[in-house]
Amino acid sequence: MTSTAILNARTLGTEPLANVHWVNSAQPAPACPKLDGDTEADIVILGAGYTGLVAALSAAGDGRRIVVLEAAPEPGFAASGRNAGAVAPMMWGMKKTPAQIAAAFPQHAPRMNRAIATSGAFLRDFISRYGVECEAHFDGYLLAARTPDTLAKAKAAYEAWVVYGGHFELLSAQELTRHVHTEAYAGALRAPDAGYLNPLSFSRGLAAAAQDAGVAIHCGSPVLSAKYESGVWNLRTPGGVVRATTLLAGMGAYGGALVPRLQKESYEVCSAVVATDPLPNAREIMPGGMPMADLDDAAVFAPMIDARDCLVVSMLFQGDRMSLADAERIVRPRLARALPALASVPFTKFWGGKFLMTADGVPHLLQIGPNAYAAQGCNGMGHSMGVAVAHDLGRLGAGAAADDLVFPVTMPKPAPMHGLMTGALRRVMAPMMNRKVA
């Protein structure tokens with residue numbers, strides 16, 4: 001697929017990885033051969049993205065036999081390997097408050113709020129614990145405000161997370177220029193336990209660490225059927241059958257019809273990313289290189305400079321189809337306003353993917369059958385909240401009691417107005433937000 005090819009939202013995130021920017025500096029993918037023959041396991045995991053691999057690592061040990069099955073040719077092939085790479089702080093995207101979490105989940109609220117507030121630090125420690133090489137930079141994340149009123153509201157919102165371990169610092173317009181040379185903002189919040197990484201390297205590194213822990217990972221092994229018989233899950237693939245007592249699902253937006261109960265549990269959202277080749281003056285404009293989000297932009301304008309000095313910008317995917325030219329029409333006016341020196345830089349990479357958004361704004365830990373559980377709904381924060389709920393999924397599979405987990409275990413139920421909202425998000429709301437350049 002070339003940079004000018006048109007992406008189709010129905011298959012978004014399943015194209016070859018060659019045009020994804022992160023491939024250029026990613027760690028090599030570990031060998032994950034197809035399943036060949038029948039095997040038995042204590043836990044079988046569907047999906048070798050963040051959710052499945054973090055769950056595998058969190059469940060490994062004590063002699064457990066764990067098998068991961070992945071339909072794609074390698075780990076992290078879909079959204080986990082082709083997202084924007086930013087590690088966002090706390091509840092920025094959904095703008096939920098600790099009080100709202102407490103109202104929705106009264107029994108689990110204290111631990112959920114703490115997990116959300118400290119999810120960036122948890123990811124940093126998780127990467128360090130397993131020695132995952134993924135160009136991780138936890139220098140911070142900037143939440144920039146164009147007006148003093150927006151800045152004051154953001155400060156008040158994030159102060160509520162401090163009680164649960166969240167951290168941020170308030171930057172004046174002048175202080176912000178130490179990190180980004182711009183005059184477009186009245187100031188910013190800087191969340192220190194955040195930053196960015198190479199998501200494809202992160203996926204591949206998680207897979208290698210899981211293999212080191214004794215986990216068997218089989219890519220190119222789509223599950224054709226999953227049946228529960230006599231206390232055992234039987235998963236049939238083209239190359240053989242896996243029999244396991246516990247089933248964990250971590251397929252995100254790419255689960256298809258394998259687990260029908262999950263199809264309408266969350267809203268499907270599409271996003272696209274553009275990137276440049278290395279820019280010689282990138283660090284002059286964004287000396288810190290850290291991701292930045294515009295709090296006043298409904299289109300979720302979020303540029304950053306990565307480890308190779310490339311400009312990477314993500315946006316919501318609009319309509320059923322989107323091209324590089326469409327993406328540039330969204331990005332360039334925003335760059336001209338916020339970072340005029342970068343407004344005309346040539347973008348050479350364009351790609352996209354899908355993620356799931358829940359109605360309540362938090363990831364869901366779900367029981368989908370006897371000894372069968374799933375985690376999904378990262379809400380665009382797969383590196384932080386997504387990893388946190390995947391850790392719970394692994395602990396649950398390893399035998400942890402539901403009361404000892406961070407997230408509550410619930411039964412899947414259709415999200416309100418699922419069909420209407422899924423279509424509206426892509427065909428109405430995203431185009432409206434992307435067109436509006438305030």
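Keep in mind that what you see is a predicted model, and the values were worked out from it rather than measured.
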Open item on the list: One thing to verify: whether Arg334 and Asp294 come together as a salt bridge, which I'm taking to mean a side-chain N less than 4.0 angstrom from a carboxylate O.
Closed with: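 Result for this pair is no, no salt bridge flagged.
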
Open item on the list: I'd like to know if Arg204 pairs up with Glu74 as an ion pair, taking the criterion as any Lys NZ or Arg NE/NH1/NH2 lying under 4.0 Å from an Asp or Glu carboxylate oxygen.
Closed with: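 Judged by the 4.0 Å cut-off on N to carboxylate O distance, Arg204 and Glu74 do form a salt bridge.
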
How long is the span from the [atom1] atom in [X] to the [atom2] atom in [Y], to the nearest 0.5 Å?
| X | Y | atom1 | atom2 | result |
| --- | --- | --- | --- | --- |
| Leu365 | Thr410 | CG | OG1 | 7.5 Å |
| Ser80 | Tyr254 | OG | OH | 9.0 Å |
| Met304 | His137 | CE | NE2 | 9.5 Å |
| Asp360 | Phe105 | CG | CZ | 4.0 Å |
| Asn83 | Phe355 | CG | CZ | 10.0 Å |
| Asp193 | Leu123 | CG | CG | 10.5 Å |

Quick check: are there more than 12 heavy atoms from other residues, nucleotides or ligands sitting under 6.0 Å from [atom1] of [X]?
| X | atom1 | answer |
| --- | --- | --- |
| Asp404 | CG | yes |
| Asp36 | CG | no |
| Glu133 | CD | no |

Just so I know, are the side chains of [X] and [Y] near enough to count as touching, which here means a heavy-atom distance under 4.5 Å?
| X | Y | result |
| --- | --- | --- |
| Tyr164 | Thr118 | no |
| His21 | Trp351 | yes |
| Tyr130 | Leu206 | no |
| Val162 | Phe168 | yes |
| Asp139 | His179 | no |
| Pro370 | Trp233 | yes |
| Ile217 | Leu53 | yes |
| Leu247 | Tyr228 | no |

Task: Which atom of Asp403 lies closest to which atom of Arg111, heavy atoms considered - done: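 The pair with the smallest heavy-atom distance is O-NH1, 2.5 Å.
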
Donor-acceptor contact present, side-chain [X] to main-chain [Y], <3.5 Å:
| X | Y | result |
| --- | --- | --- |
| Ser221 | Leu69 | no |
| Arg283 | Asp309 | no |
| Asn198 | Cys134 | no |
| Asn371 | Gly231 | no |
| Arg332 | Val345 | yes |
| Tyr267 | Pro416 | yes |

Task: From CA spacing to verdict: side chain to side chain contact (heavy atoms under 4.5 Å, CB included), Phe301, Ile330 - done: CA-CA 9 Å; Phe301 173 62; Ile330 298 167; over 6 Å; no

- [ ] Can you spot which of Asn19, Asp277, Thr276 makes a side chain to side chain donor-acceptor pair (under 3.5 Å) with Thr348?
- [x]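 Going through the options one by one, the only one that passes is Asp277.
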
Task: Centroid-centroid under 6.0 Å between His383 and Tyr50 rings - done: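 Judged by ring-centre distance (under 6.0 Å), His383 and Tyr50 do meet the cut-off.
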
Open item on the list: Does Val215 form a side chain to side chain contact (heavy atoms under 4.5 Å, CB included) with Ile45? I'd like the steps, not just the answer.
Closed with: CA-CA 10 Å; Val215 176; Ile45 298 175; over 6 Å; no

- [ ] Start with the C-alpha distance between Phe407 and Met112, add both sets of side-chain angles, then the distance that settles side chain to side chain contact (heavy atoms under 4.5 Å, CB included), and finish with yes or no.
- [x] CA-CA 6 Å; Phe407 296 89; Met112 285 178 68; 3.9 Å; yes

Open item on the list: Under a plain distance cut-off of 3.5 Å, with no hydrogens placed, do Gln376 and Ser266 share a side-chain donor-acceptor pair?
Closed with: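 Per modelled atom types, Ser266 and Gln376 side chains form a pair under 3.5 Å.
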
Task: Distance-only side-chain donor-acceptor flag, Asp125 / Ser128, under 3.5 Å - done: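 Side-chain D/A pair, Asp125 to Ser128: absent.
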
Open item on the list: Using the side chain to side chain donor-acceptor pair (under 3.5 Å) criterion, which residues pair with Arg243? Sequence neighbours excluded.
Closed with: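 Residues passing side chain to side chain donor-acceptor pair (under 3.5 Å) with Arg243: Asn234.
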
